[in-house]
Amino acid sequence: MKVVERKPMTLWEKTYLPGIAKGMLITFGHMFKKKPTINYPEKTRPFSAVFRGLHVLNRDEQGRERCTACGLCAVACPSEAITMEAAERLPGEENLYREEKYAAKYEINMLRCIFCGLCEEACPKDAIYLSETFTPSNFTRKGFIYGKEELLIPDPVKEPEAYAKARGEEAARTSSVESR
Ligand code: SF4
Ligand code: SF4
């Protein structure tokens, strides 16, 4: 076994002044470097082009809900985070729902979701996508269960500005769910 002897400190080193000076130099050096932190949420950094944030239930160009409650997204979801209830479109509701069947209830449990994007991949109707919005916060677990009220994109006919903003134009990532 080899014993490594500690090098004895010189008288100068025993004053600790060199060590203090060295430490202060490093500290002052950092004061003039560009700060790596940003003042979130006032400022945000751009996400990757493949970033997957909160889900949006899509409408067509006439403002009709695209989802036909086929359940493929729920089947594809590895977290079993999606639940829905299908309903039949009634005569006179053609301007509300694109297909003969629609999701009367559609919920995603964001506490289960791993934002894998498989629901988007599985959807044959382009009815769901993962947006760039990602600021979920809440005080209760129930508040993280998003229903159609939270997921459905604004109507492009009735609310064109809100629709355009939600279409991504969502980089501001201003979704606040604290009131839920
Ligand atoms: S992103 Fe993935 S985990 Fe989240 S709801 Fe869609 S399929 Fe499920
Ligand atoms: S979001 Fe798409 S996959 Fe899911 S139920 Fe609606 S139409 Fe089917």
Side-chain angles (χ1 to χ4, degrees), residues 38 40-41 44-180:
I38 53 171
Y40 182 86
T44 54
R45 87 176 72 217
F47 286 140
S48 151
V50 293
F51 177 81
R52 294 188 289 255
L54 294 174
H55 308 63
V56 173
L57 279 180
N58 215 356
R59 294 179 189 268
D60 67 7
E61 61 286 350
Q62 296 174 37
R64 298 176 300 183
E65 294 181 23
R66 283 178 170 271
C67 178
T68 185
C70 66
L72 285 177
C73 53
V75 171
C77 178
S79 308
E80 299 183 357
I82 302 176
T83 52
M84 74 190 71
E85 280 175 19
E88 195 177 340
R89 186 181 70 187
L90 299 174
E93 291 184 333
E94 292 81 3
N95 60 336
L96 297 176
Y97 310 111
R98 188 183 168 107
E99 311 287 341
E100 291 174 358
K101 205 163 61 111
Y102 68 95
K105 178 182 158 189
Y106 191 103
E107 286 182 351
I108 301 180
N109 186 335
M110 293 299 173
L111 294 177
R112 285 182 170 224
C113 179
I114 55 171
F115 299 93
C116 62
L118 288 178
C119 48
E120 180 179 336
E121 297 288 328
C123 181
K125 299 291 179 183
D126 189 24
I128 189 167
Y129 68 91
L130 276 69
S131 69
E132 291 183 3
T133 302
F134 190 77
T135 50
S137 60
N138 217 293
F139 294 107
T140 63
R141 297 179 72 82
K142 200 178 166 190
F144 284 101
I145 298 173
Y146 287 23
K148 278 179 72 176
E149 196 181 315
E150 291 84 13
L151 297 169
L152 204 55
I153 199 166
D155 190 322
V157 180
K158 295 176 187 162
E159 304 168 88
E161 284 181 17
Y163 175 80
K165 189 181 172 194
R167 278 301 298 182
E169 310 143 66
E170 267 171 339
R173 303 191 297 278
T174 52
S175 172
S176 169
V177 294
E178 293 186 352
S179 57
R180 283 177 206 144

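Both ligands and their constituent atoms are indexed starting at 1 by order of listing. Heads up: numbering here begins at 1 and tracks the sequence.
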On the 0 to 90° scale, with breaks at 30° and 60°, tag the Phe134-Phe51 ring pair as parallel, tilted or perpendicular.
->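 Perpendicular: the ring planes of Phe134 and Phe51 meet at over 60°.
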Criterion side-chain contact (heavy atoms from CB on, under 4.5 Å) on Glu88 and Lys101, from CA distance to verdict | CA-CA 5 Å; Glu88 195 177 340; Lys101 205 163 61 111; 5.7 Å; no
What are the atoms of ligand 1, with element, lying closer than 4.0 Å to any heavy atom of [X]?
X      : result
Cys113 : 1 (S), 3 (S), 4 (Fe), 5 (S)
Ile114 : 3 (S), 4 (Fe)
Cys116 : 1 (S), 2 (Fe), 3 (S), 7 (S)
Phe115 : 1 (S), 4 (Fe)

Cation-pi between Arg167 and Tyr129: NZ/CZ under 6.0 Å from ring centre and within 45° of the ring axis?
-> yes
Are Arg64 and Tyr97 close enough, and set up right, to give a side-chain contact (heavy atoms from CB on, under 4.5 Å), and what steps lead you there?
-> CA-CA 5 Å; Arg64 298 176 300 183; Tyr97 310 111; 5.8 Å; no
Report the C-alpha distance between Glu99 and Arg89 in whole Å, list the side-chain angles of each, state the deciding distance to 0.1 Å, and finish with yes or no for salt bridge (charged side-chain N to carboxylate O under 4.0 Å, His left out).
-> CA-CA 7 Å; Glu99 311 287 341; Arg89 186 181 70 187; over 6 Å; no
Going through the distances and angles, do Asp60 and Arg66 end up as a salt bridge (charged side-chain N to carboxylate O under 4.0 Å, His left out)?
-> CA-CA 6 Å; Asp60 67 7; Arg66 283 178 170 271; 6.0 Å; no
Any chance you could lay out the side-chain contact (heavy atoms from CB on, under 4.5 Å) test for Glu65 and Leu152, step after step, and finish with the verdict?
-> CA-CA 8 Å; Glu65 294 181 23; Leu152 204 55; 3.4 Å; yes
Trace of the side-chain contact (heavy atoms from CB on, under 4.5 Å) decision for Cys73 with Met84 | CA-CA 10 Å; Cys73 53; Met84 74 190 71; 3.7 Å; yes
Contacts for ligand 2, heavy atom under 4.0 Å, by chain and number, are Cys67, Thr68, Ala69, Cys70, Gly71, Leu72, Cys73, Met84, Tyr106, Cys123, Pro124, Lys125, Ala127, Ile128
